Amino acid sequence: MPDSNVPQGNADQEQPAPAQDQPTAERPGELGAERQDFLREIVLQDLASGRISEVVTRFPPEPNGYLHIGHAKSICLNFGIARQFGGRCNLRMDDTNPTKEDVEYVDSITTDVKWLIEGWADHCLGLKPVGGLPETRQVGGREDFYLPPVTPGESRGRALEPFYASDYFEPLYRYALLLIRRGKAFVCDHTAEEVDQMRGAPDRAGEESHYRNRSVEESLDLFERMRAGEFPDGARTLRAKIDMDAPNVWLRDPVLYRIRHASHHHTGNAWCIYPMYDFAHGLSDYIEGITHSICTLEFEVHRPLYEWILEVLDLPRAHPRQREFARLNVTYTIMSKRRLLRLVQEGLVRGWDDPRMPTISGMRRRGYPAEAIRAFCDRIGVAKRENMVELGLLEHFVRDDLNRRTPRAMAVLRPLRVVIENYPEGQVEKMETINNPEDAAMGTRRVPFSRVVYIEQDDFREVPPPKYHRLSPGVEVRLRSAYLITCTGVVKDPETGEVVEVRATYDPATRGGDTPDGRKVKATIHWVSAAHAVDAEVRLYDTLFAVENPDDVPEGQDFIQTLNPDSLEILRGCMLEPSLGEATPGARYQFERLGYFCADAEDSRPGAPAFNRTVTLKDAWARIEKKQGRGSEAAE
Ligand code: ATP
Ligand code: MG
């Protein structure tokens with residue numbers, strides 16, 4: 001990664017999001033329409049000045065890993081801008097590095113992007129016809145390569161696919177030849193170590209390559225032979241001829257092409273020279289007609305090189321404008337794909353889509369709605385200052401979304417049998433209960449009640465501690481939507497002394513949970529009828545890492561050591577109300593008093609459900625916010 005500490009002049013001023021732009025309870029993630037930030041300001045100016053007539057942004061991941069919550073920020077930003085200004089956002093595989101990339105990643109990236117923008121910005125998704133390559137045209141007497149986006153709505157039946165930087169290897173090669181012909185690039189025979197050495201440092205001048213003044217003819221010949229495969233890896237490079245004394249070291253005759261005899265997931269064995277990111281990126285943007293190339297801050301120091309390439313080639317159409325914003329960092333989370341890959345490869349998680357992973361696929365499997373992720377990204381906004389966002393804020397948006405959309409259900413995770421002695425054997429009543437107190441339209445359902453029910457072990461104490469108001473001997477509580485019951489005694493395991501069963505009586509006059517005499521009980525607990533319960537596996541998740549900043553480990557320590565040993569707890573023999581038995585994989589519920597849960601997309605089967613806890617009910621963020629007074633600073 002380039003060094004982002006080299007200071008560069010920049011006129012873009014960060015603008016805090018205006019307070020009225022905060023997500024509203026009705027439509028989180030549906031904002032964007034009136035968003036304002038320094039990037040949108042630039043887009044507006046470019047439209048107003050006539051520099052551009054339509055907006056095309058892009059999201060350009062390298063297919064060397066799965067997308068994560070940091071990418072989600074970039075997706076929401078780039079698609080959000082396209083959406084706001086009636087433009088398009090291209091999905092491009094930035095696949096110039098043959099050795100680390102894979103079609104598995106291409107597929108997962110495409111799926112994840114579509115999932116995240118569905119119903120919000122899918123009409124802005126810029127793709128190209130399958131197999132489509134840039135068209136060569138003459139513009140103003142100059143050769144020009146162009147591959148504009150097609151949205152799904154414009155496809156007219158053609159199958160579409162993402163853009164691939166590797167589809168531009170031929171145009172890029174032609175551009176490289178043009179640079180050589182213009183005396184702006186040369187073939188260099190120094191080794192990689194020598195090139196590094198000779199580059200110097202911001203405060204130390206660089207040393208010119210011994211091959212810098214090679215004739216154009218010789219460089220052309222050597223570059224063509226590099227392409228033809230005559231030389232081994234590392235033997236030669238193509239370098240730009242800019243300025244070895246430039247204060248910005250990225251302008252010190254940077255390498256544009258390297259030899260790599262490696263097969264590529266998209267181009268196979270067609271190439272043995274591969275363009276460097278800095279050369280490929282700006283030109284890929286240009287070929288697709290990108291108007292605004294929005295990057296993370298570390299690319300700010302590369303911008304002069306990006307612009308140099310476009311200018312020296314004297315490209316005939318409007319040049320893309322690169323601007324930078326700060327990466328997203330989230331507490332208890334890592335974003336490095338290299339590190340996430342290690343977790344997968346070393347079996348420390350169940351895969352890229354493990355519900356503890358900060359990946360989009362992991363969050364989806366855990367039950368996070370796309371709308372909640374978008375609402376979170378909208379709330380954090382964009383700025384030019386690096387910061388760390390609380391994981392609790394993301395969870396807050398997930399909870400807020402699920403609270404409105406999920407039906408309630410009763411599930412007992414650690415069951416304790418309760419026998420209601422005065423309830424007739426064999427009798428079953430269907431108790432009516434509401435599906436969502438936040439949304440009457442979600443209706444009611446009927447839950448079977450019978451003589452033996454399960455309650456949570458936690459909802460009973462034989463010897464209650466002070467202020468414990470749930471069930472204990474002699475105490476009356478409400479079983480949600482059913483009856484009031486009073487504990488009359490316990491049955492213990494003769495060997496361990498552990499309470500294995502609670503005995504109770506019910507008051508038949510309290511059906512539905514109301515007391516005709518107006519007497520109060522202090523607790524309402526959830527329950528499941530033993531005869532009707534569905535046995536299930538439930539997975540509880542905690543943060544994957546035990547420390548706030550797992551990237552910040554002391555010298556000599558590995559981030560792996562900061563993993564949270566209790567990040568996953570698997571509970572078996574959980575007792576669910578019968579309606580949950582047929583839950584479709586991916587279906588989400590609020591389990592009363594416990595949290596939000598989602599039927600696992602891989603492992604849950606009708607009749608044998610497996611649930612993931614998406615998030616608990618406890619909103620730590622809401623409390624923090626109350627304490628701090630609500631404001632966008634609170635997110636930082
Ligand atoms: P790597 O970890 O391999 O260096 P990367 O995280 O930069 O790569 P890319 O695949 O290059 O991953 O990212 C695609 C896009 O997502 C880029 O435009 C990048 O700026 C953006 N992006 C990546 N990480 C974050 C993040 N944490 N916050 C915001 N945007 C991000
Ligand atoms: Mg990158």
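Note: hydrogens, waters and symmetry copies are ignored here, and every other heavy atom, side chains too, is used. Order of listing sets the numbers, starting from 1, for every ligand and every atom in it. Since we're looking at a predicted model, the values are computed, not measured.
Considering backbone and side-chain N/O of Ser336, none are found under 3.5 Å from N/O of ligand 1. At a 3.5 angstrom cut-off on N or O pairs, Leu328 counts as close to ligand 1. Not a single N or O atom of Arg58, backbone or side chain, sits closer than 3.5 Å to an N or O atom of ligand 1. In terms of N/O distances under 3.5 Å, ligand 1 is not approached by Glu298. Some N or O of Thr296 is nearer than 3.5 Å to an N or O of ligand 1, by distance alone. Taking distance alone, with nitrogen or oxygen atoms compared against 3.5 Å, Gly70 approaches ligand 1 more closely than that limit.
Close to ligand 1: Asn64, with a non-hydrogen atom less than 4.0 angstrom away. The shortest heavy-atom distance from His68 to ligand 1 is under 4.0 Å.
Using a 4.0 Å cut-off between heavy atoms, Phe59 contacts ligand 1 through its side chain alone, with no backbone atom that close.
Ring planes of Tyr164 and His266: parallel class, angle under 30° (limits at 30 and 60°). Using cut-offs of 30° and 60° on the angle between ring planes, the pair Tyr66 and Trp352 is parallel.
Applying the side-chain contact (heavy atoms from CB on, under 4.5 Å) rule to Arg158 yields the partners Pro129, Val150, Arg156; only residues at least two apart in sequence or on another chain are considered. With sequence neighbours excluded, the residues that form a side-chain contact (heavy atoms from CB on, under 4.5 Å) with Glu548 are Thr331, Tyr332.
Residues Glu288 and Arg92 are paired through a salt bridge, judged by an N-O separation under 4.0 Å between the basic side chain and the carboxylate.
No close placement of the Phe38 and Phe325 rings is indicated, their centers lying 6.0 Å or farther apart. Here the two rings, on Phe299 and Tyr277, have centers that are under 6.0 Å apart.
Atom 7 (O) of ligand 1 has its nearest heavy-atom neighbour, among Arg92, Arg339, Arg327, Glu62, in Arg327.
With a 4.5 Å cut-off on side-chain heavy atoms, Phe59 and His71 count as touching.
Counting atoms of ligand 1 from 1 in the listed order, those under 4.0 Å from a heavy atom of Ser74 are 16 (O), 21 (C), 30 (N).
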